[in-house]
Amino acid sequence: MQHSPSKASAFWKGKGKEPAQDYDDLRPTITYRHLYSHNLGVRDPLRVVALCDSDAFYAACERVRLGLDPSVPLVVQQWESLIAVSYPARQFGISRMDKLQDAKKKCPEIVAIHVATYKEGEKEPGYWPDVDTRTHKVSLDLYRRESNKIIQFFKQALPSGEIEKASIDEAFIDFTRPVREVLLKRFPHLAQVPPDAPHGVDIPLPPPPPIDWSELGVLIPLRPTEEDEDGEPHFAEDDVTCTWHDVALSIAAELMAKIRHDVHENLGYTMSAGISRNKFLAKLTASNKKPNSQSILRNSAIPTYLRPIGFQKIRFLGGKLGDALAKEYDVSTVGDLLAVSLDEMQNKFGDSALWVYELLRGIDRSEVKEKSALFKSMLASKNLPTPITKAADGHQWLRVLAAELALRLKEAREEMPTLWPKTIVLHARKGYEASRSKQSAFPFTHEVTVDVIATAADKLWKELTGNMKNLKVTAVQLAFTGIETAESGQQSIQGFFKSKEPPRSPLKRTRPGNDEIPPEADSLQVMTELHESASSTFFLCERCNRTISASEMERGEADHITALAKLRMEHDDFHFAQDLANGSDIQVPKRKKTTEPRGIARFFIKK
DNA sequence: TCTTCTGTGCTCACCAC
DNA sequence: GTGGTGAGC
């Protein structure tokens, strides 16, 4: 990479000026209409997203499982290499690249735990004394289970927040709605448009209150920190000015801190979080300070924070596209790429250009969306240090892989009882040749046992290896693909494609492809109607088609608009609770099925 | 002292034919 | 139905 004397450095010395229109998106005018609309989605100027990830997750899982003190240095090993290093262990300079022996040299008293493994003939993974890559296969099951516990905790703590599990140790949380709820409660004057306002609901909000960030986490500074001798950062004067979006961030930070605290109390895991206006920035911010900390990136701090970052570290820019960009313009940082115009980029990179262009400027329109809970595929694989040469060996390994799939499917069905893999696929690789695969329909059985899977796998194995001259298989993969729920299968059979997930509440209706704020956004309409008829204390719920009126207690609320907002939210909660009650007894808070299973779904009813 | 760069063994999604 | 790639933990 070349080093280019950039305009950015001039800017930091105070000679340049921020390119005016580049960052307009970061300073939106926020009006009452924005505040009252609950369905602006990614265009909400008060949007707040967090990325929360567990610190040294695998190591923490083992620490919790064994009831060890958090301060003990601990590593998780997979054969001789390390797959997780606890923070106390990192103090000894141990890193994930070390081998176990290196770690022991650096810290003789290190606690080394080998990941659980499946062993030939065993139905469940365990912690065996004789782990050996030639006979065992690693199991990440414990980590998946603990990960799900944390996700469930998030969901229960934030009924109105959207949670997206991003990986085994991270989740995105959309705080926009929970923050709105707090915001209206805490600043009740916002629920009322000043009566003499000429443009009513379209006027900007009044100036926000000052924010005390001291307990809320690490603030990403507005400009590069110039530290004094004590290492304390200097802040410029304008650091104290803030916006309503900053207030929203601060509320999200409160909620996030509470959740992190509660997860620690209840499950024992410490987590780090990043809080900002979208997923991309939240993820970036989360890595600011670890472990057990949270960082906040305000809109005003975004340009400074992004500029020096190597763009190839950004998600989806780490691969081919990032390489192409680096080559084309011979640059490496976000700041460098800011000089490239949108037109220029579109000519060279077509459709992905706009997305990149916006990303560089802190804009990311991707939604926080709960992944449809069901995986499309489920795979268990094993590289074989000692290749399979006899059919019987193959059979043994297939049973190991089958045991893993059986257990994982069983566990997945505890949450989604109707999960059904349509096909089973076996891959086998010989040395460095390309792997070959065979697949077949997977039998439709209520109980998916190791035997059922292993039998199907054996058939595929014969097809695959039957005509091999010298059997020498160095890698095997067994997978379920086309995993669906019986319900959705039913729906597709019956042609009920539309609205698989009816809106949970009237307030949450999405309006795809609508750039403008709808003039009669449903919640807004309720608010303004109420504003106009100053005495009403009821509203009509579109969902249950009933008039909901305030109780005596709620009528005692300081002003009835606040009362109505509260009422509305509580009524949503009522629907939410009702949805819960109508579902089965599993404690998944959202996305419950509300109807009795029909058709093939009946196969799955517990006896 | 700090971040960054390694690699391996998985796991998952998507696409072309 | 098969094979291949890209991406991330």
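Just so we're on the same page: letters track the sequence lines, and every chain starts at 1. Not measured: the values here are computed from a predicted model.
- For His136(A) and dC10(B), the NE2 to C1' distance is 18 Å, given to the nearest whole Å.
- The CD atom of Glu404(A) sits 10 Å away from the C1' atom of dC10(B) (whole-angstrom rounding).
- Residues forming a side chain to side chain contact (heavy atoms under 4.5 Å, CB included) with Lys123(A) (at least two apart in sequence, or on another chain): Val450(A).
- With sequence neighbours excluded, no residue satisfies salt bridge (charged side-chain N to carboxylate O under 4.0 Å, His left out) with Lys382(A).
- Residues Trp79(A) and Lys313(A) each lie close to DNA chain B; by heavy-atom proximity, the contact nearer the 5' end of the strand is made by Lys313(A).
- Applying the side-chain hydrogen bond (donor to acceptor under 3.5 Å, both in side chains) criterion to Thr117(A), with sequence neighbours excluded, gives Trp128(A).
- Legend: residues meeting side-chain hydrogen bond (donor to acceptor under 3.5 Å, both in side chains) with Asp169(A), ordered by chain and number and at least two apart, are Ser167(A).
- Listed by chain and number, the residues in a side-chain hydrogen bond (donor to acceptor under 3.5 Å, both in side chains) with Glu120(A) amount to none (sequence neighbours excluded).
- Per the geometry, CG belonging to Leu142(A) stands 17 Å off P belonging to dC10(B), to the nearest Å.
- For Lys137(A), a side-chain nitrogen or oxygen approaches OP1 or OP2 of dT11(B) to under 4.0 Å.
- Geometrically, Arg408(A) does not engage Phe480(A) in a cation-pi contact, judged by NZ or CZ lying under 6.0 Å from the ring centre and within 45° of the ring axis.
- For Lys137(A), the salt bridge (charged side-chain N to carboxylate O under 4.0 Å, His left out) criterion is met by Glu404(A), not counting sequence neighbours.
- Of the residues in residues 352-363 of chain A, none lies under 4.0 Å from DNA chain B by heavy-atom distance.
- For Ser377(A) and dC12(B), the shortest distance from a side-chain N or O to OP1 or OP2 is not below 4.0 Å.
- Applying a 4.0 Å cut-off to non-hydrogen atoms, the residues of residues 93-115 of chain A that approach DNA chain B are Arg96(A), Met97(A), listed by residue number.
- Within 6.0 Å of atom CZ in Arg144(A), more than 12 heavy atoms from other residues, nucleotides or ligands are found, so the atom counts as buried in its surroundings.
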Which atom pairs link the protein and nucleotides 3-9 of chain C when you take only N or O atoms and keep those under 3.5 Å?
residue: dG3(C); atom: OP1; partner: Arg436(A); partner atom: NH1; Å: 3.1
residue: dG3(C); atom: OP1; partner: Arg436(A); partner atom: NH2; Å: 3.0
residue: dG3(C); atom: OP2; partner: Ser437(A); partner atom: N; Å: 2.5
residue: dG3(C); atom: OP2; partner: Ser437(A); partner atom: O; Å: 3.1
residue: dG3(C); atom: OP2; partner: Ser437(A); partner atom: OG; Å: 2.9
residue: dA7(C); atom: OP1; partner: Lys320(A); partner atom: N; Å: 3.4
residue: dG8(C); atom: OP1; partner: Phe316(A); partner atom: N; Å: 3.1
residue: dC9(C); atom: OP1; partner: Lys283(A); partner atom: NZ; Å: 3.4

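- Among the protein residues, Val425(A) comes within range of no part of the nucleic acid, since none of its heavy atoms lies under 4.0 Å from any strand.
- If you measure from atom OH of Tyr118(A) to atom P of dC10(B), you get 13 Å, rounded to the nearest angstrom.
- A donor-acceptor contact shorter than 3.5 Å links the side chain of Thr474(A) to the backbone of Gly431(A).
- In this structure, Arg429(A) reaches neither bases nor backbone, as no heavy-atom distance under 4.0 Å exists between it and the strands shown.
- Ring orientation note: the planes of His114(A) and Trp79(A) are tilted relative to one another, at an angle of 30° to 60°.
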Considering only nitrogen or oxygen atoms on both sides, find all protein atoms under 3.5 Å from nucleotides 14-17 of chain B and state each distance.
none

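- Every pair tested for ring pair (Phe, Tyr, Trp, His ring centres under 6.0 Å) that includes a residue from residues 378-416 of chain A fails, sequence neighbours excluded, so the list is empty.
- To the nearest angstrom, C1' of dT4(B) lies 14 Å from CD1 of Ile309(A).
- A tilted orientation is assigned to the rings of Tyr329(A) and Phe349(A), their planes being inclined by 30° to 60°.
- Going from atom CD of Gln294(A) over to atom CG of Leu51(A) covers 12.5 Å, rounded to the nearest 0.5 Å.
- In this structure, Phe480(A) places its CZ atom 14 Å from P of dT11(B), rounding to the nearest Å.
- Rounded to whole Å, the distance from CD on Glu164(A) to P on dA13(B) is 13 Å.
- Not counting sequence neighbours, the partners of Lys149(A) by the salt bridge (charged side-chain N to carboxylate O under 4.0 Å, His left out) test are Glu146(A).
- Rounded to a whole Å, the CZ atom of Arg90(A) is 14 Å from the P atom of dT4(B).
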